[in-house]
Amino acid sequence: MKKLMACVLSLALTVSFSACQAGPSGSSAGGDTGASAQNSAASGETIKIGVVTPLTGQTSSFGQSAKKGLELLEEQVNSAGGINGQKVDFLVQDDEGKAATAVTVGQKLINSDKVVAIVGPLTSTCANSLAPICQQYQVPMVTGTGTNTKITEAGDFIFRTCFIDPFQGQVMAKFASEDLKAKTAAILFNNGDDYSKGLAEAFKSNFTSKGGRIVAEETYNTGDKDFNAQLTKIAPKKPDVMFLPDYYSTVAVIAKEARSAGVKATFLGGDGWDSSELFSIGGDAVNGVYFSNHYAADDTAKEVVQFIKDYKAKYSNTVPDAMAALNYDAGKVLLESIKKAGSTDANAIKEALKSYDGTVVSGHIKFNEKRDAVKAAVIIKTVDGKEKFFKKIQPDA
Amino acid sequence: MSLVEFLQQLINGLSLGSVYALIALGYTMVYGIIGLINFAHCDVYMVGAYIGYFVATDLHLPFVPTLLVAMLGTAIAGVLIERIAYKPLRRSTNISLLITAIGVSLLLENGFNWLFGGNPRTYPHDILQQSNVELGPVHSDTLHLIILGTSLLLMILLQVVIYRTKIGKAMRATSTDKDAAELMGINVDTTISATFAIGSALAGAAGVLVAILYSSIDPYMGIQPGIKAFTAAVFGGIGLIPGAFVGGIILGVIETFVTAWYSQLSGAIGFIVLIIILIIKPSGLLGKKVSEKV
């Protein structure tokens, strides 16, 4: 009996260990390039770049897209001869969308894998927690999707290739009052999430300065599924628009509950809404929504068309979402900078990034003095379970 | 706050509370019989939701068979957990049992994450038609009413099982004194297995119902409602079946009103009230002052 117990227990231990390891082990670089990359890694000829992204957890559909985008880039770069004669190897690690895990896997990449730079983390919360570490070890970090303002304040090794939260909040406030002619707005946001809070604050200040009125401002906590208390309070105030700055899995539930609680406002959101899962969870409630995004798949710019063609060819006709495009861009900006620097020295890469000026899938990128990319946003409208390009909003000069 | 809004918030609170009550019933039952705070209960709830998911999407069964299969599946899982993880430790201290329960909980969460991925899955919520129910100026929906009805029904059913049946008598005997019960010819192993089977089946039912309500599931879905349901069980007096129901409802109502008043405090106030109740009545709202049981 004791022996049997020992067996069961050790089996249980093994299972739980492999569960912990599932992210990292299942996530080494792209399938077909993995083997060759590993061979040359032994001889020290590859450029190893860490990728920190959520492959599991609430935002995993984002992370999976990011991984696909970067694997496409890796394949393209390596088949064209690599960077400065060296092959590129993206080491993808799962941060589960949690700040603490991002730090753990980030430190592993820096200390044991000796990566020359990091692409990611994908979410603002994780990027905020990893940025000071990258700064401390002087490892260049390029986030393609961390939109929270504070991220690049960690230091001069931290870059971002997307716009920042105040810009998204500003764009949506401007859109609400100028295009939708909204006079009143309600905001419901996640009090425990940097991204959600950042967008909410920016929307609030910009909407009020344009003469609009915030009639309700309510919060919830991460993991909440029942928003009826907040929605019942919002409904009788009859706002024209309701701003919901959070990720798809949460806003889809809010949208559904809001409609049955009698909230008739037009929903507005940020780039966190962008996922095909949105419609399968939210159903009819998430139609007719406007949200800001970095890129629209039905845009006709030549970089977008080419990227979609390549992506579809590699991934059996899947249309890439913004997360795939943005992380592809972050990786591309980094690789081009390494090429320009002519070495993998951290300071050389940093200087090359600072002077970067080029056009990638999500538009023209040039960094300002805060190492944030200055670029346009698109507004997407959801129609019959599909995302449609609505209009482009340029940054104020 | 207008009267209509007050009534609507009350209904919201009852709805939220019925979710807590449904999960709390299983917690409190297992505690009442064998004195173990089964932290894996909220993960059995998750397992139930997953079984329901696969039955409904792959076998295309309608609602009632889906619910029954999920309950059966979690009952088996509950018995297995008890046999493998808890039974060998029956003679050891309560604290080692508690730690084992946390271990089982983590194993289930990470095991499911590993097996099925951490991606939230969209639940086949169309297996149960939901429609709004207008009650004068306020409204609710059929699903919330079903959940409230189910927890009420299960509470009564559990009381009947425990106080009116032979296995219930065996459970109460085991709860009072395991060794004496065994000497009286009660099969303690079977009784404890039955306790876990019933408790886990309750969690399975809750898993399916709540997953339909919130439309998506993931391996960590049990953690937050688990903590709230545990609080509800303690609140009402842990080990007492009606206590779980009352505790769940009250916690749901308090939380809803606090959220409606000032949503930034919603997470904290429920627990502040819990602490106050426990200072005034250490054995919970319905609990009687008893010396250490089990």
Side-chain angles (χ1 to χ4, degrees), chain A residues 1-2 4-5 8-9 12-13 15-23 26 54-61 63-64 94 96-97 188 191-192 217-233 235-236 248-250 252-253 256-257 259-262 277 279-283, chain B residues 1-2 4-5 8-9 11-13 15-16 19 84-85 87-88 103-104 106-107 109-115 117-123 125-126 130-132 138-141 144 210 213-216 218-221 223-225 252 255-267:
Chain A
M1 188 61 210
K2 273 219 172 107
L4 179 72
M5 264 317 293
V8 171
L9 275 179
L13 270 177
V15 171
S16 58
F17 264 103
S18 40
C20 299
Q21 293 297 319
L55 298 172
T56 60
Q58 286 219 316
T59 43
S60 55
S61 97
Q64 299 290 352
D94 180 15
E96 301 167 357
L188 179 59
N191 201 22
E217 190 182 351
E218 301 292 326
T219 66
Y220 52 87
N221 301 312
T222 311
D224 281 358
K225 291 278 178 76
D226 189 309
F227 307 95
N228 284 311
Q230 293 92 328
L231 293 168
T232 299
K233 204 175 161 192
Y248 65 98
S249 50
T250 308
V253 177
K256 260 176 86 168
E257 292 185 359
R259 286 299 180 237
S260 58
E277 291 284 318
F279 301 101
S280 61
I281 302 174
Chain B
M1 196 185 281
S2 69
V4 175
E5 200 183 324
Q8 183 61 50
Q9 293 293 18
I11 289 184
N12 293 341
S15 308
L16 183 63
V19 171
I84 295 169
K87 195 181 164 199
V104 172
L106 290 173
L107 177 67
E109 284 160 18
N110 290 305
F112 267 64
N113 191 2
W114 179 57
L115 281 174
N119 248 341
R121 287 165 189 253
T122 307
Y123 215 70
H125 43 85
D126 46 354
Q130 289 181 62
S131 51
N132 277 330
V138 295
H139 66 90
S140 181
D141 60 87
H144 275 117
V210 177
L213 180 64
Y214 298 140
S215 333
S216 77
D218 64 79
Y220 303 101
M221 64 182 276
I223 299 175
Q224 215 217 18
E255 215 181 274
T256 302
F257 276 103
V258 171
T259 308
W261 167 57
Y262 189 58
S263 52
Q264 311 240 4
L265 283 178
S266 63

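Computed from a predicted structure; not experimentally measured. Naming: A, B, ... by sequence-line order, numbering from 1 per chain. The figures that follow rest on heavy atoms only: side chains count, while hydrogens, waters and symmetry mates do not.
With a 4.5 angstrom heavy-atom cutoff, N221(A) touches chain B only via side-chain atoms. Contacts of T222(A) with chain B are made by backbone atoms alone, with heavy-atom separations under 4.5 Å and no side-chain atom involved.
Heavy-atom minimum distance, L188(A) versus T219(A): CD1-N, 4.1 Å. Contact detail for S216(B) and I281(A): the closest heavy-atom pair is CB-CD1, 4.2 Å.
Listed options R121(B), Q8(B), E5(B) were ranked by heavy-atom pairs under 4.5 angstrom with chain A; first place goes to E5(B). The candidate from K256(A), E257(A), E277(A) with the greatest count of non-hydrogen atom pairs under 4.5 Å with chain B is K256(A). No other option in S60(A), P236(A), S61(A), S249(A) has as many heavy-atom pairs under 4.5 Å with chain B as S60(A). With chain B as the partner, the residue from G192(A), G282(A), S260(A), G223(A) showing the most heavy-atom pairs under 4.5 Å is S260(A). Ranked by heavy-atom pairs under 4.5 Å with chain A, the first of H139(B), Q9(B), E255(B) is Q9(B).
No side-chain donor-acceptor contact under 3.5 Å links D224(A) to the backbone of D226(A). Checked by atom type and distance alone, the side chain of D94(A) pairs as donor or acceptor with a backbone atom of L55(A) at under 3.5 Å.
A heavy-atom distance below 4.5 Å is not found between the side chains of W261(B) and T256(B).
Side-chain contact of N113(B) with E109(B): a donor-acceptor pair under 3.5 Å is absent, judged by distance alone.
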